[in-house]
Amino acid sequence: MNLIDEIRIPILGNHVTIVSTRRRLRPKERKESVDKCPFCPGNEELTPPATLALVRIGNRFEFCRESRSGECSPWIVRIIPNKYPALDPNPPTPTARNALKARGFHEVVVESCKHVHDPHELSDEEYALSLYTTMTRMRDLLSIEWIKYVALIKNRGLGAGASIRHSHSQIFASPYVPPRVAEEVKQLIDLGTCPLCSYVEDEYLRNRYLVYESKSFALLVNDAPRASYEVLIVPKKHESRPSPNLEILRELAHVMRIVTKFFVEVLRTESYNMWFHVAPKGVEDFHWHIEAMPRLGIWGGYELSSDVYIVEVSPEEVAEKMRSFVSSLEREAVDSSEPL
Ligand SMILES: [Zn+2]
Ligand SMILES: [Zn+2]
Ligand SMILES: [Zn+2]
């Protein structure tokens, strides 16, 4: 096979395409087996050396970088280069006229040393440590001169693009700003006010769409979702990017865990996607947030052709359902005197 790895800027359209033929070599998970899982402790030799790992030393946590796989042990969180990267620090020369080098970083965050499938199977503290390690790595990648944007996404289940079940997320550090993010940055400038600040503050929007709030975060149903049950997690403070602050990340972990628990245990979906939208390099006026959606159906031709979405469940109905789920969690927590 002739390997082609390059970024294509389309002749028509506003999207970006990465042609990455090596992604075809990716394994599909064969069977549910802990000793074969490439992300479980003890199997580090199946993956490249960690670019960043969080290790426990006594009752302290420390960051560690590997030159040999398995060197940083026992780890709690492990970030590794993707074995089949869509973006690579040393890509081949592009072959097409409208192509750029697919230069960047594509890494996998193994969110826990425990073989769990979802964040809600971890505690707030455990998931916060994963977010803390991830935010630190994202900040390091953004400081590289030619990197313009660092994306963080989480795919769960085959229907959402994940081939391994062990709970993980992915980082894409790219030499371009993804068009969707560029559009949000532009919208904020054009509007002159921040739509996410109004989501959090406006009484009308709060009454309709707010599901849950903590000191620093609001969980809201998207008022015009692209898929039924699309939600937003919005920090109450207008900030361009999340920072590695463990106390705040504990709160964020709690909200994210409510969302994944709802998707998996109430909607009973195998697949969901979750992603962060943060400020690109050089942009300081932005309100970072998380968008998440279960993959309950597939987009048809109308959605794909027109960027117009048809959903079957109203956002108001979703808000109602999610609020009662949160109350049931709170009741359970009181009964068992354990959080979530
Ligand atoms: Zn595993
Ligand atoms: Zn804002
Ligand atoms: Zn967004």
Side-chain angles (χ1 to χ4, degrees), residues 54 56 61 76-77 109-114 116-138 152-156 166-169 196-197 199-201 206 209-222 229-239 241-267 269 272-278 287-294 318-340:
L54 189 72
R56 193 195 297 273
F61 294 108
I76 314 283
V77 182
V109 181
V110 181
E111 296 177 324
S112 171
C113 52
K114 295 182 184 169
V116 295
H117 297 170
D118 294 287
H120 61 265
E121 294 176 76
L122 300 169
S123 66
D124 286 351
E125 181 68 21
E126 286 169 326
Y127 199 55
L129 289 173
S130 166
L131 293 170
Y132 179 66
T133 312
T134 308
M135 297 309 150
T136 306
R137 181 63 185 152
M138 286 172 78
L152 174 61
I153 58 129
K154 179 168 178 63
N155 299 339
R156 198 270 203 196
H166 190 130
S167 193
H168 66 282
S169 45
L196 291 179
C197 280
Y199 237 136
V200 174
E201 289 158 10
R206 282 173 62 88
Y209 306 114
L210 184 75
V211 170
Y212 172 83
E213 67 182 326
S214 63
K215 198 169 131 226
S216 318
F217 295 97
L219 168 59
L220 300 135
V221 175
N222 193 317
Y229 298 96
E230 180 178 355
V231 298
L232 289 164
I233 299 174
V234 182
K236 290 182 176 173
K237 222 166 134 192
H238 183 88
E239 267 179 337
R241 293 177 200 97
S243 51
N245 173 323
L246 200 49
E247 200 184 320
I248 291 180
L249 292 176
R250 249 181 234 121
E251 264 188 58
L252 179 61
H254 186 72
V255 185
M256 291 174 80
R257 291 176 57 246
I258 290 176
V259 173
T260 66
K261 198 174 164 78
F262 180 78
F263 286 171
V264 173
E265 293 184 3
V266 178
L267 301 180
T269 178
Y272 61 79
N273 298 106
M274 217 171 195
W275 57 84
F276 283 64
H277 276 161
V278 303
H287 197 141
W288 75 269
H289 55 279
I290 298 173
E291 298 172 9
M293 59 172 74
V318 173
E320 208 53 53
K321 207 163 167 177
M322 290 189 81
R323 280 183 202 129
S324 79
F325 172 69
V326 171
S327 322
S328 73
L329 290 180
E330 282 164 354
R331 276 197 304 276
E332 265 173 47
V334 170
D335 290 348
S336 65
S337 65
E338 261 179 39
L340 205 86

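None of these values were measured; they are calculated from a predicted model.
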Would you say that Arg257 contacts Pro119 through its side chain, given a criterion of any heavy-atom pair below 4.5 Å between the two side chains? yes
Val211 pairs by side chain to side chain contact (heavy atoms under 4.5 Å, CB included) with which of Leu220, Ile233, Val318, Leu219? Leu219
Any heavy-atom pair between the side chains of Leu152 and Val278 that's under 4.5 Å? no
Of all heavy-atom pairs between Pro244 and Leu249, which one has the smallest distance, and what is that distance? CA-CD1, 4.1 Å
Does the side chain of Thr134 reach to within under 4.5 Å of the side chain of Glu111, using non-hydrogen atoms? no
Within a reach of under 6.0 Å around NZ of Lys236, are more than 12 heavy atoms found that belong to other residues, nucleotides or ligands? yes
Considering all heavy atoms of both residues, which atom of Val110 and which atom of His166 are nearest to each other, and what is their separation? CG1-NE2, 3.7 Å
Aromatic plane relationship, Tyr272 with Phe263 - under 30° parallel, 30 to 60° tilted, over 60° perpendicular: tilted
Please name the pair of heavy atoms, one in Leu210 and one in Ala218, separated by the smallest distance, quoted to 0.1 Å. CD1-CB, 3.8 Å
Can Glu320 and Arg323 be counted as an ion pair, charged N to O under 4.0 angstrom? yes
Could you give the distance from CG (Asp124) to CG (Leu131), rounded to the nearest 0.5 Å? 10.5 Å
Calculate, to the nearest 0.5 Å, the distance between atoms CG and CG belonging to Asn155 and Asn273 respectively. 5.0 Å
Could you please spell out the steps behind the side chain to side chain donor-acceptor pair (under 3.5 Å) verdict for His287 and Glu239? CA-CA 5 Å; His287 197 141; Glu239 267 179 337; over 6 Å; no
Is there a side-chain contact between Tyr132 and Ile76, using heavy atoms and a 4.5 Å cut-off? no
Begin from the C-alpha positions of Ile258 and Leu329 and carry the test side chain to side chain contact (heavy atoms under 4.5 Å, CB included) through to its verdict. CA-CA 9 Å; Ile258 290 176; Leu329 290 180; 4.3 Å; yes
Give the C-alpha distance, both sets of side-chain angles, the deciding distance and a yes or no for salt bridge (Lys or Arg N to Asp or Glu O under 4.0 Å) between Arg206 and Glu201. CA-CA 7 Å; Arg206 282 173 62 88; Glu201 289 158 10; over 6 Å; no
Which word best sums up how the rings of His254 and Tyr212 line up, parallel for under 30°, tilted for 30 to 60°, or perpendicular for over 60°? tilted
Within the structure provided, determine whether Lys261 and Glu121 are in side-chain contact (heavy-atom separation under 4.5 Å). no
Using a 4.5 Å cut-off on heavy atoms from C-beta on, say whether the side chain of Ser169 contacts that of Ile153. no
Identified side chain to side chain donor-acceptor pair (under 3.5 Å) partner of Ser167 from the options His120, His117, Lys154: Lys154
Any side-chain heavy atom of Met256 sitting closer than 4.5 Å to one from Met274? yes
Pair Ser112-Glu126, side chain to side chain donor-acceptor pair (under 3.5 Å): steps then yes or no: CA-CA 7 Å; Ser112 171; Glu126 286 169 326; 5.6 Å; no
Partner of Phe276 under side chain to side chain contact (heavy atoms under 4.5 Å, CB included), chosen from Met135, His289, Arg241: Met135
Pair Val264-Arg156, side chain to side chain contact (heavy atoms under 4.5 Å, CB included): steps then yes or no: CA-CA 10 Å; Val264 173; Arg156 198 270 203 196; 4.1 Å; yes
In sequence, state the C-alpha distance, the side-chain angles, and the governing distance for Leu129 and Phe61, and then conclude on side chain to side chain contact (heavy atoms under 4.5 Å, CB included). CA-CA 9 Å; Leu129 289 173; Phe61 294 108; 3.6 Å; yes
Taking the side chain as everything from C-beta on, heavy atoms only, tell me whether Met293 gets closer than 4.5 Å to Val231. no
Nearest heavy-atom pair of Pro235 and Val200: which atoms, and what distance? O-CG2, 4.4 Å
If I take atom CD from residue Glu251 and atom NZ from residue Lys215, how far apart are they, to the nearest 0.5 angstrom? 6.0 Å
Distance (rounded to the nearest 0.5 Å) between His238 NE2 and Cys197 SG: 5.5 Å
In terms of relative ring orientation, are Phe262 and Tyr229 parallel, tilted or perpendicular, with 30° and 60° separating the classes? tilted
Give a yes or no answer on whether the side chain of Glu291 reaches the backbone of Trp275 with a donor-acceptor pair at less than 3.5 Å. no
Could you grab the distance from atom OG of Ser130 to atom NE2 of His168, nearest 0.5 Å is fine? 11.5 Å
